[in-house]
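The chains referred to below are lettered A, B, ... by the order of the sequence lines, with proteins before strands, and numbering in each begins at 1. Everything numeric in this text was worked out from a predicted model, so none of it was measured.
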Protein chains: 2
Amino acid sequence: MLYIPLLRQTMFSKTCEYAIRAMIFIARKTKEGQRAGIKEIAKGIDSPEHFIAKILQELGRKGLVQSMKGPNGGFYLDKTSMERSLADVVRTIDGDKVLRGCGLGLRYCSETHPCPIHHEFKKIRGQLMKMLENAKVGTFTASLEKSKVFLKRS
Amino acid sequence: MLYIPLLRQTMFSKTCEYAIRAMIFIARKTKEGQRAGIKEIAKGIDSPEHFIAKILQELGRKGLVQSMKGPNGGFYLDKTSMERSLADVVRTIDGDKVLRGCGLGLRYCSETHPCPIHHEFKKIRGQLMKMLENAKVGTFTASLEKSKVFLKRS
DNA sequence: AGATATTAAGACCTTTTTATCTTTTATTAT
DNA sequence: ATAATAAAAGATAAAAAGGTCTTAATATCT
C-alpha cells in the first residue's frame, strides 16, 4: 500500500545538491591554493565518494570544474569556473525545467495558453533563477572562512 | 555512460502535478453540480488512468477529496475541500521539503547554522509557499470557464 | 427484494529513473 | 618503475511512475 512518492521531493535532485556543495567546496580549496581530492571532497560535503566522483566527471566534461590526475592531483577551478553561477550548475545537472518549466508539468503552457497557476508561478521561478544567477561559486568562500556557514550535515 | 539525472527535475513530483491538476478539474466539475469519474479526469488532465486513480485514493484517505461508488458515482469536493490550498495538496503528496527544506539538502541547516545559500533560498521558498497557500482549489474554476486556461497538454 | 451494471478501493506487479557501489583503466608526479 | 590519483565502465539498490486484476459499494432495473 505504498502509493505516494515518499517524501524526498526537493527543489533540486540529490545529484544536483551534491554538485553545488562540491563546487563550493572546491572553490574554497582553490582559493587556498590547493587541489581537492575526491575523498576529501566526499568527506567535506557528506556525500558517497563514488557518487560525487561520477558527478564531478560530468561537471568536468562540461567544463565547470578542472582536474589533474596523479600524486597531488585533484579538482580545482580555473578563473572562468570560479565565476560560474549556481544556475549554471543546476542547469548542467537538473536541466532547466525547475527554472523555466510549467509548475503543473504542462508542456504547452505559455503566456497565450497559460495553466491555472502560470502567472503566479512564473514570478517565483524568475526570482529563483535570478538568485541562482547572482550566486557565483567563487563568492561563497569568504563566508565559509569567517562564519558558521557549512557544507556538511553536522 | 549514464551519469546524470537527466532532465526530469521539476518543482513538484509528477504525482503531485497530477494531483493538483485533478483537484482543479474536480473543483470545476463540482461547481457545475456534477461528479467526475476517473476516466473523465484522466482524459481531462492528460494523465495515466490508473495512476491518477491511485493518487486520488490517497487524497481521499487524507480527506482532500470526496467520492462515491456505483452508477453516477465519482469524485467531488465538499465545502472544506473546495477551500483547500495548493499548498495542502503539495504537502500531502510531496511533503514539505520543497516548502521548508534546505536548498542544498543539508538536514541541520538553520538560522544559526546556515548553509551558504540559506538566507537567499529562504526568501524564495517563502514566496512559493505564500503563493501556494493563497491558491485555493475552488478559485480556479472561474478562469477555467472564461479564459484560455487549461489543464491538459493540447 | 434480488440481480445487474457501474464505479471507486485496494492489492500487487512491471518499468523507468535516480542513487549508490565495485572494479578496471589511464595519467602523472616522484 | 611505482604510487597516487582521476576517468571510465558497469553492476546493484531504491524510489518514482505506470499498469493489471480483483474486491467492495451503490444506484437502477426488473
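The distance between atom NZ of K39(A) and atom C1' of dT5(D), rounded to the nearest whole Å, is 9 Å. Summarising the geometry, the separation between CG on N72(B) and P on dT7(C) is reported as 7 Å, rounded to the nearest angstrom. What separates NZ of K97(B) from P of dA15(D) is a distance of 11 Å, to the nearest Å. Protein atom CD1 of I38(B) is 15 Å distant from nucleotide atom P of dT20(D), rounded to whole Å. Going from atom CZ of F75(B) over to atom C1' of dA9(C) covers 9 Å, rounded to whole Å. One can place CD of E58(A) at 14 Å from P of dA19(C), the figure rounded to the nearest angstrom. If you take CD1 of I55(B) and P of dA8(C), they are 15 Å apart, rounded to a whole angstrom. The NZ-C1' distance, from K29(A) to dA6(D), rounds to 17 Å in whole Å.
A donor-acceptor pair is defined here as one N or O able to donate and one able to accept, closer than 3.5 Å; such a pair exists between the side chain of E40(B) and the backbone of G37(B).
Salt bridge absent: E120(A) and K130(B) never bring a charged side-chain N and a carboxylate O closer than 4.0 Å.
At a threshold of 4.0 angstrom between heavy atoms, the contacts of G60(B) with the nucleic acid are absent. Within 4.0 Å (heavy atoms only), A42(A) reaches no atom of the nucleic acid at all.
Counting only heavy atoms from C-beta on, K69(B) has its side chain closest to dA9(C) among dT27(C), dA9(C), dT28(D). Side chain of S13(B), nearest nucleotide from dA17(D), dA8(C), dT23(C): dA17(D). Between dA7(D), dT20(D), dA29(C), one nucleotide has an atom nearer to the side chain of H50(B) than all others, and that is dT20(D). Picking from dT20(C), dA9(C), dA8(D) the nucleotide with the shortest atom distance to the side chain of Y18(A) gives dT20(C). Each of dC21(C), dA17(D), dG10(C) was ranked by its minimum atom distance to the side chain of P48(A); first place goes to dC21(C).
For dA8(D), the OP1/OP2 oxygens have a side-chain nitrogen or oxygen of R61(A) closer than 4.0 Å. Between T15(A) and dA19(C), a side-chain N or O to OP1/OP2 separation shorter than 4.0 Å is present. At dT5(D), none of the side-chain N or O atoms of S67(A) fall inside 4.0 Å of OP1 or OP2 (strictly under the cut-off).
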### Task
Applying salt bridge (charged side-chain N to carboxylate O under 4.0 Å, His left out), run through K62(A) and E58(A) and close with a yes or a no.
CA-CA 6 Å; K62(A) 297 278 174 65; E58(A) 180 71 11; 2.8 Å; yes
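Between the base of dG18(D) and the side chain of K54(B) there is a donor-acceptor pair shorter than 3.5 Å.
In plain terms, the two heavy atoms of G63(B) and Q66(B) that are nearest each other are O-NE2, 3.5 Å.
Using a 30° and 60° split on the angle between ring planes, F51(A) and Y18(A) fall in the perpendicular class, above 60°.
Two residues, K14(A) and P71(A), neighbour DNA chain C, and the one matched to the more 5' nucleotide by heavy-atom proximity is K14(A).
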